[in-house]
Amino acid sequence: MTGLAVTCRRVVHIYRADAGDVVALAGVDLHIAPGEMVAFVGPSGSGKSTLIALLAGLMRPSAGRVGIGTYDMGKLSDAEISRLRGTEVGVVLQGAARNLLPYASLHRNIWLAQTRAAGTRGVKLDDPERILDLVGLGGQGKAKVDQLAPGARQRAALAVGIAAGPGLLLVDEPTSQLDAEGRDEVVHALETVNAERGTTIVVVTHDGEVGNRLGRAVTIRDGRVGAEGRDGQDFAVVAGDGTIQLPPEVLGEFPPGTLFTVDRSDGGVTLLANGEPVLETATRQADAAV
Amino acid sequence: MIALVLAMLRARRAQALTVLLLCAFTTGAAVAGPASLHAVDAAIVAHETADASATERMLTLGSVSSEGVNTSGEFSQFVPAVLQMPAFDQVYAIEISMFGFGSGISRVIFREDNCAHLTIERGRCAQGNYEVVIGARTAQRTGLGPGSKVTADEVRYNPSTGVAYPAGNPHVLNVVGTYTPTDPEDLYWGRAGYFSVDGKGERAEPVFMSRRTIGYINSYTQWQSIDAVLRADAVTADGLAELRNNLTVLTDRLGEAESLAVSTEIPALLDRIQASMDTAHTLVPVAFVPLVALCLFVIYLAVSYGTAGRRYELGLVALRGASPLGRWWLASGEVILMILLGVPVGYALGHAAVAFVAWSQFDAVVGPSLDTVPYALAALGGALVAAFFGLRRDLGTSVAELLRRVAGRGRAWRSVVLEVLVVALAVAAAIQLRGAGTGFAGIAALLPGLVIAAVALLAARAVVPLAGAVARAAMRRGRLGLGLAAVQLARRPGSHRLLVLLTVATALLGFAAAGVEVAAQARHDRATISVGATRVLEIDAVSTQLLLNATRSVDPDGAFAMAVAPTPQSAGELPGLAVDSTRLANVAQWRASFGPTGAAETARLLRPSAPQPFVLKARALRVDIENGNYLGGQRLEGKLILTRLSGAGDVTVSLGVLRAGRHTYDVAVPACSEGCRLAQVALVTDDTGQVDAVLFGISARGTAAPIIGRRELTAPDRWAAISDDGSMVRADGEGLRISGSGWLGNPLGARPVDAPVPLPIASTGEPPYRNEVSGFDGARLRVLRAAKPVSLPRLGSAGMLVDLEYLSRSAAADNSVNGAEVWLGPAAPADIVAKLRAAGLPVRKELGIAAEEASLAWQGSALALWFYVVAAGFGVLLAVGGIGLVAAVDRRRRADDLRYLRWQGLRRRDVRRAALWGNLTVVLAGAVLGLGAAALAWTVAGDQLPIFVDQLVAITPPRWPSPDAVLLPWAAATVLFAVAAAIVAAQLRRAVARNGSKGGYS
């Protein structure tokens, strides 16, 4: 299967709680092209795990639209979403061991992840051993999770996530609690999957290095897309409602309520605080990229 | 999928084993109920059949052929129907009467296979032609023996007079042996009473001969019979209806034959067996239905708890997009497999438990029965439904919810609905049981279980805020161990459910203990009442006067011994006892349930004042009597009938033929030197004619003053006619006139009235027909129903009491009675038997209360109660398993919690206390609440437990058991629970310490 595109349009998610509602996502606009690798980065509580849970269909957005490939997730039934997770969307949860049944071998875990796809017409599944080869765990199919090293566990979790040959792989914190070597193995495995299958890969991570390795890092801040880094360069992002988040270090100098004049000239945009230019953030090229 | 499920089973062996055991318990309880009924039915049938009297197990078909009436044809026509009865052993017999074996008439008998039942003392058994064997005592008395020849003649009867005479057709018979009956009480001998004991204690001894010999004799009159004895092993619980049906068909058919006499009490025996079984069938479900419900609850608990522990795993399976069927199978597969495995294990377990109880308590061998398979399948269904409910919540939960570490709160309204439902059902059951009085039928059978469940559920609900308050208070005071334990009870749903389980198990145990204890007390009470007194001595045939005299001489104050004799019972009359009522209150076991009239008052009512008897104490008497109507030349003989006060029997003294006119007659009465009561003055004629005589006095010879003179003879209501055929007795001037029509064999006469007329009786039920009962002499006596008890000692709810002395005086003479007894009160001395024997009473044996009690213990209700104990034992084991289950599932979480607290500085001592009291609090609360629930259930339903199959004896069982009987098993169960709680607490402490060590903070 080739990669699936991901589209978020003004996605809002609110957690209802006794103590009051919490806005986790406050209007996320995002597009991920098929076969692209993207990292969601950002501080804890920024909403990146909520976003990936919405992409996985584990929750429904309070407002906005989430599209996976040709599917509008908001319009799918629970059963259809369940089928989607069993065939076209792979999910790897945070904590490698949490993705694997501890008493079953890797082969058996992969088999379990393939059962839904196996019963779906037109889906051709890889042999579990081939999948393990893909993540660098060839020959370890009979091992159980507690017999693997931490890095290998995470790759085993990835193997389960890609077992059904999904077009979209959602991975939550795959490198946390791993050393550099382990991280490299995991990222390498992700790159291999992407390269060989064209799978769209979305990774939630705190690790900026992972974002750099994946090529595109979307920073989620306060429930919105705050910035985006591509190939080592950082960009501000114009949201669907026309807003742009200032980088935190800039925001410190210009507190909320500061008035800007927007000066558009020479193909760029200049913000003037009290008439003085302070920030020139975007080029036409960057705008076009958004 | 199967491989994955097997991997799950391997990974969670303990939980899988728990479900298996619980299912085994459920199935065991479900099959133990009906299996118990099989065992109880078998025990009831075996005991009742073995314990039945000869008459109750026998069907007798007989016919008399006499001169001119030959019934042999009809008898032969119907014999095959009796012989074909498969469940019976038939014995064919022919009986004739002959002169020749000593004085009088002898019963001469052929009885099939009689040689096998006679012990030959001398010679051999009679098998050849014209051979007979005679009884050993007969041989001794007559001088006959082996080798003797007897010329015996048939007996014929004068059809008009009924007088027997030799037929004139003598047969020479050879005596070839003498015998004693090997077992005169053997059922083989039927109901013919061949070896009955007469009033002198001598056993009758008929003459036995072969079939061919009795055929040769071909007597004019012969009695043919078949005694069909119901074989004990042929009666089965399942075959009872068929047997009854066959019997009805047979007796209906035999009833059509005019010359045949059919008698059987087998239907009454079958009724008793059926009633006993019916009671057991009512009681057993009361024990097992709550147990099955408890088992299903624990399965629900185990599965829901186990599933809660697997929430994340279920979420992971759902995350992988497993189909609903696959998700359901992976969630429930291991449970279903264990349930399927548990059913056959439980089936065997249930049967084994019942077989053990049957073997140890009833001495019965009970094998597994396919009849219980539907119950096992029902248990399987119930277990699957319980498991489904346990799984339901997590199966229907969203993936995201399942992947959360902490489960969201369930919907509280469901448990509220359950509690309201249980309480409503309990109220409905109570109304049905107590209001409608239906007994333990329908929903009322569930009343104890429902009350217990309601108390457990409500108490568990009430305990939550209480435990919360305790937790807060303890925390504020720095008592962290207690506070954490209380938090465990207040917050964890597992603790609530464990509390419910422990409460129910403890309560079932308490209720069972109470039932068993109260039933045992009631049986003892009823056995005592059934026997009548603390001890009862059976006396061989004896005269009523001797019975009274001897008993009174041993106990002149009436403190501990009472003479008792059965009253003669004609058809349709109530069974009765004639008692020496002067000591009724001190000796008889009398209960308040007998009615408002107590023993002392009843005795007073039975014994109003009456004229004293005329006692003649002289060696010779002079009788002054006038024969005033000497017509037609008939001879009028005067007789005095005197009853010796010593109890040595009656003396009949003839005055000789009375001469015309007034004369005195002297008669010697040496037997009355110690005193005789005048029973009758009789006048006997030898022909038909009018009799008119006046008695002027009776005096001791040589004394001037008469013992019975004008004053006594003319006192009103002091004399009565001895027969009610129109003769008259009345005061006439100076004496007592006796007049009427006399004829041969119909003596006229007068008897002193020295007993109340009518005779007071205390009788249950309806008054006697025409207010008459049979006296000792067979005469009809007018009676007055002076007391109306509900029940009576020995007689139960159908019988009457009368004063022995008055009944004895009301008879024409001193009569010998069979079945006399001496009842003894608690104050009777140890050597009472020897004293009574010394006083002349032939004491045969002592009736045992213990034996009666043991017999009652075989009734269906008593047998069923044993299975209450089995059910309670199952319940306790379940509760112990529940403690282990809840602890096992909670252990990881609690160990984590305590470890984190330990890292934050919680003292080791507080960890220990929290671990111990977390479960111990639940155990103790459950034990206390369970005791309370049992008390409430007993209050509501305990007095309705059918303890006896019949209500022949009205007794009120104790309302409450003795405290020891309930508290001891309760304490034992509580200790068992506490030990289980301590063990799981130790495991928890080890888990905390182990994990703590890894963290380096321990």
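Order of the sequence lines fixes the chain letters, A, B, ..., with proteins taken first and strands second; residue numbering starts at 1 for each chain. Basis for what follows: all heavy atoms, side chains included, without hydrogens, waters or symmetry-related copies.
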task: Under the side chain to side chain contact (heavy atoms under 4.5 Å, CB included) rule, what do Val6(A) and Leu30(A) come out as? Steps first, then yes or no, please.
output: CA-CA 8 Å; Val6(A) 175; Leu30(A) 183 65; 5.6 Å; no
task: List in chain and number order the residues that pass side chain to side chain contact (heavy atoms under 4.5 Å, CB included) with Val23(A), two or more places apart in sequence or in another chain; answer none if no residue qualifies.
output: Ile14(A), Ala26(A)
- line: Shortest non-hydrogen pair, Val470(B) vs Ala486(B), comes out as CG1-CB, 4.0 Å
message: Run the side chain to side chain contact (heavy atoms under 4.5 Å, CB included) test on Val5(B) and Leu337(B) for me, step by step, so that the C-alpha distance in whole Å, both residues' side-chain angles and the decisive distance to 0.1 Å come before the verdict.
response: CA-CA 9 Å; Val5(B) 170; Leu337(B) 283 180; 3.7 Å; yes
message: Rounded to the nearest 0.5 Å, what separates atom CG in Leu341(B) from atom CD1 in Ile336(B)?
response: 12.5 Å
query: Distance from Leu51(A) atom CG to Leu25(A) atom CG, nearest 0.5 Å?
result: 5.5 Å
query: In terms of heavy-atom pairs under 4.5 Å, which option from Ile81(A), Val89(A), Leu101(A) contacts chain B the most?
result: Leu101(A)
- request: Heavy-atom distances under 4.5 Å only: say whether Leu319(B) touches chain A with side chain, backbone, both or neither.
  value: both
- request: Any chance you could lay out the side chain to side chain contact (heavy atoms under 4.5 Å, CB included) test for Phe40(A) and Leu55(A), step after step, and finish with the verdict?
  value: CA-CA 12 Å; Phe40(A) 289 165; Leu55(A) 297 181; 4.0 Å; yes
Any donor-acceptor pairs between chain A and chain B, under 3.5 Å? If so, list them.
{"from": "Tyr312(B)", "atom 1": "OH", "to": "Arg98(A)", "atom 2": "O", "distance (Å)": "3.0"}
{"from": "Tyr312(B)", "atom 1": "OH", "to": "Arg98(A)", "atom 2": "NE", "distance (Å)": "3.1"}
{"from": "Tyr312(B)", "atom 1": "OH", "to": "Arg98(A)", "atom 2": "NH2", "distance (Å)": "3.4"}
{"from": "Glu313(B)", "atom 1": "OE1", "to": "Tyr103(A)", "atom 2": "OH", "distance (Å)": "3.1"}
{"from": "Glu313(B)", "atom 1": "OE2", "to": "Tyr103(A)", "atom 2": "OH", "distance (Å)": "2.8"}
{"from": "Leu319(B)", "atom 1": "O", "to": "Arg85(A)", "atom 2": "NE", "distance (Å)": "3.4"}
{"from": "Arg320(B)", "atom 1": "NH1", "to": "Val91(A)", "atom 2": "O", "distance (Å)": "2.8"}
{"from": "Arg320(B)", "atom 1": "NH2", "to": "Asn99(A)", "atom 2": "O", "distance (Å)": "3.4"}
{"from": "Arg320(B)", "atom 1": "NH2", "to": "Asn99(A)", "atom 2": "OD1", "distance (Å)": "3.4"}
{"from": "Gly321(B)", "atom 1": "O", "to": "Arg116(A)", "atom 2": "NH1", "distance (Å)": "2.9"}
{"from": "Leu403(B)", "atom 1": "O", "to": "Arg98(A)", "atom 2": "NH2", "distance (Å)": "3.4"}

